[in-house]
Amino acid sequence: MNPRTDFSIRPFLGGYDKNFTYIITCTRTRTQVLVDAAIPVKQIMSFNSNAPKALLITHTHADHISYINEYIDVFPNIIIIGHSKSASIFKTNNFKIINHNQYFKLGRLLFRAIHTPGHYFDSICYLIKPALLTGDTLFVGRTGRVRSKGSNIEELYNSIYQKLLVLPKNLRIYPGHDYGKQASIRIEDNI
């Protein structure tokens, strides 16, 4: 049973490798927030009640930001939120740097950024209780890979065991890819 929340999370599957883009909608204010630009913007257009306020970037591997220019073109006022080392990648003045353990509000939605390097140097998970958007740091049933330049196995281990698995066990993770038997799972069911 899912706990009552003041928001909904809608996943959209596509991209290059069963990637997810998510729309988070505040049920009180109708504020919408996107997570990753992994699918063409036309796939989410009919599910937008208004222009999304922000686009949260979990990390800058190409499959997670492939369509970012489309999103910026369609929503020119959208705020792009991500790691400080990601800022130079984006050709927009709307980029906002987020730091580890920083809280921020979008509408009435309260997020906490958790820098989780390992899969990639700029990986960030976004906590919005009772949900945790994990990008490629943590999937259903396994962790992210460390195959690219900018990956580090020790950092991934620390991110998983010292930052994520110490969070409340009832948090539901929403990963960056659909690699498991189900699309989402609670932390306690993942370990």
Side-chain angles (χ1 to χ4, degrees), residues 1-5 7-25 33-40 43-44 47 55-68 81-83 85-86 98 100-101 109-191:
M1 184 168 142
N2 287 338
R4 181 169 159 70
T5 64
F7 62 89
S8 65
I9 298 177
R10 184 176 191 104
F12 292 85
L13 186 61
Y16 294 104
D17 186 21
K18 296 182 176 182
N19 287 78
F20 282 118
T21 290
Y22 296 97
I23 295 179
I24 303 170
T25 305
V33 177
L34 302 172
V35 180
D36 285 341
I39 63 169
Q43 284 185 243
I44 66 160
F47 297 93
L55 171 58
L56 310 181
I57 303 298
T58 62
H59 66 293
T60 55
H61 275 151
D63 58 330
H64 291 264
I65 60 169
S66 297
Y67 298 97
I68 196 153
I81 297 176
H83 191 272
K85 292 183 180 175
S86 308
I98 207 78
H100 176 62
N101 273 332
L109 302 174
L110 180 64
F111 291 87
R112 176 180 154 209
I114 304 170
H115 182 220
T116 54
H119 171 71
Y120 209 45
F121 67 93
D122 64 351
S123 293
I124 295 179
C125 295
Y126 296 95
L127 176 63
I128 178 172
K129 289 181 181 177
L132 180 66
L133 297 122
T134 59
D136 287 3
T137 300
L138 185 62
F139 297 119
V140 171
R142 68 179 183 87
T143 65
R145 298 180 205 132
V146 287
R147 298 186 315 183
S148 64
K149 185 177 180 181
S151 296
N152 182 295
I153 190 71
E154 290 85 15
E155 287 183 341
L156 181 62
Y157 181 89
N158 290 335
S159 291
I160 297 291
Y161 287 97
Q162 294 177 10
K163 295 180 181 178
L164 299 184
L165 295 183
V166 298
L167 294 170
K169 302 297 181 223
N170 66 333
L171 288 178
R172 179 162 288 277
I173 66 163
Y174 292 86
H177 295 268
D178 187 10
Y179 288 162
K181 293 180 182 176
Q182 53 200 29
S184 177
I185 195 169
R186 292 177 305 166
I187 287 179
E188 67 186 339
D189 299 326
N190 207 37
I191 52 177

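A heavy-atom distance below 4.5 Å is found between the side chains of Leu167 and Ile187. Within the 4.5 Å cutoff, no side-chain heavy atoms of Val33 are placed close to those of Ile23. Within the 4.5 Å cutoff, no side-chain heavy atoms of Ile57 are placed close to those of Ile124. Between Tyr174 and Ile128, the closest side-chain pair of non-hydrogen atoms is not below 4.5 Å.
In this structure, the ring pair (Phe, Tyr, Trp, His ring centres under 6.0 Å) partners of Phe20, at least two apart in sequence or on a different chain, are Tyr22. Among residues two or more places apart in sequence or in another chain, the side chain to side chain donor-acceptor pair (under 3.5 Å) test is passed with Gln162 by Asn158. With sequence neighbours left out, the side chain to side chain donor-acceptor pair (under 3.5 Å) criterion links Thr25 to Gln32. Every residue two or more places apart in sequence or in another chain that forms a side chain to side chain donor-acceptor pair (under 3.5 Å) with Thr58 is listed here: Asp36. Applying the side chain to side chain contact (heavy atoms under 4.5 Å, CB included) rule to Asp17 yields the partners Asn19, His177, Tyr179; only residues at least two apart in sequence or on another chain are considered.
Taking every heavy atom of both residues into account, Leu171 and Ala131 meet most closely at CD2-N, 4.0 Å. In plain terms, the two heavy atoms of Asp178 and Ala183 that are nearest each other are OD1-CA, 3.9 Å. For the residue pair Ser66 and Tyr16, the shortest heavy atom distance occurs at OG-CE1, 3.0 Å. Taking each heavy atom of Phe7 and Ile24 in turn, the nearest pair found is CD1-CG2, 4.0 Å.
For the atom pair OH of Tyr126 and OG1 of Thr134, the computed distance is 12.0 Å after rounding to the nearest 0.5 Å. Annotation: the span from Ile153 atom CD1 to Thr143 atom OG1 amounts to 6.5 Å, rounded to 0.5 Å. Interatomic distance, CG of Leu34 versus CZ of Phe12, reported as 9.0 Å (0.5 Å rounding). A distance of 8.5 Å separates CG in Leu13 from CD in Gln43, rounded to the nearest 0.5 Å. Here Ile9 contributes atom CD1 and Leu133 contributes atom CG; the two are 5.0 Å apart, rounded to the nearest 0.5 Å. For the atom pair Leu138 CG and Ser159 OG, the distance stands at 10.5 Å (nearest 0.5 Å).
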Table please: side-chain donor-acceptor pairs of residues 112-123 below 3.5 Å, with sequence neighbours left out.
residue : atom : partner : partner atom : Å
Arg112  : NE   : Asn101  : OD1          : 2.8
Arg112  : NH2  : Asn101  : OD1          : 2.7
His115  : NE2  : His83   : NE2          : 3.4
His115  : NE2  : Phe121  : O            : 2.9
Thr116  : OG1  : Thr137  : OG1          : 3.0
His119  : ND1  : Arg145  : O            : 2.7
His119  : NE2  : His61   : ND1          : 3.1
His119  : NE2  : Asp136  : OD2          : 3.2
Asp122  : OD1  : Thr60   : N            : 3.4
Asp122  : OD2  : Thr60   : N            : 3.4
Asp122  : OD2  : Thr60   : OG1          : 2.6
Asp122  : OD2  : Ser86   : OG           : 2.6
Ser123  : OG   : Tyr120  : N            : 3.4
Ser123  : OG   : Tyr120  : O            : 3.2

(request) Applying side chain to side chain contact (heavy atoms under 4.5 Å, CB included), run through Leu164 and Val166 and close with a yes or a no. (result) CA-CA 5 Å; Leu164 299 184; Val166 298; over 6 Å; no

(message) Please determine whether side chain to side chain contact (heavy atoms under 4.5 Å, CB included) holds for the pair Leu56 and Phe111, giving the CA-CA distance in whole Å, both sets of side-chain angles, and the decisive distance to 0.1 Å.
(response) CA-CA 10 Å; Leu56 310 181; Phe111 291 87; 3.8 Å; yes

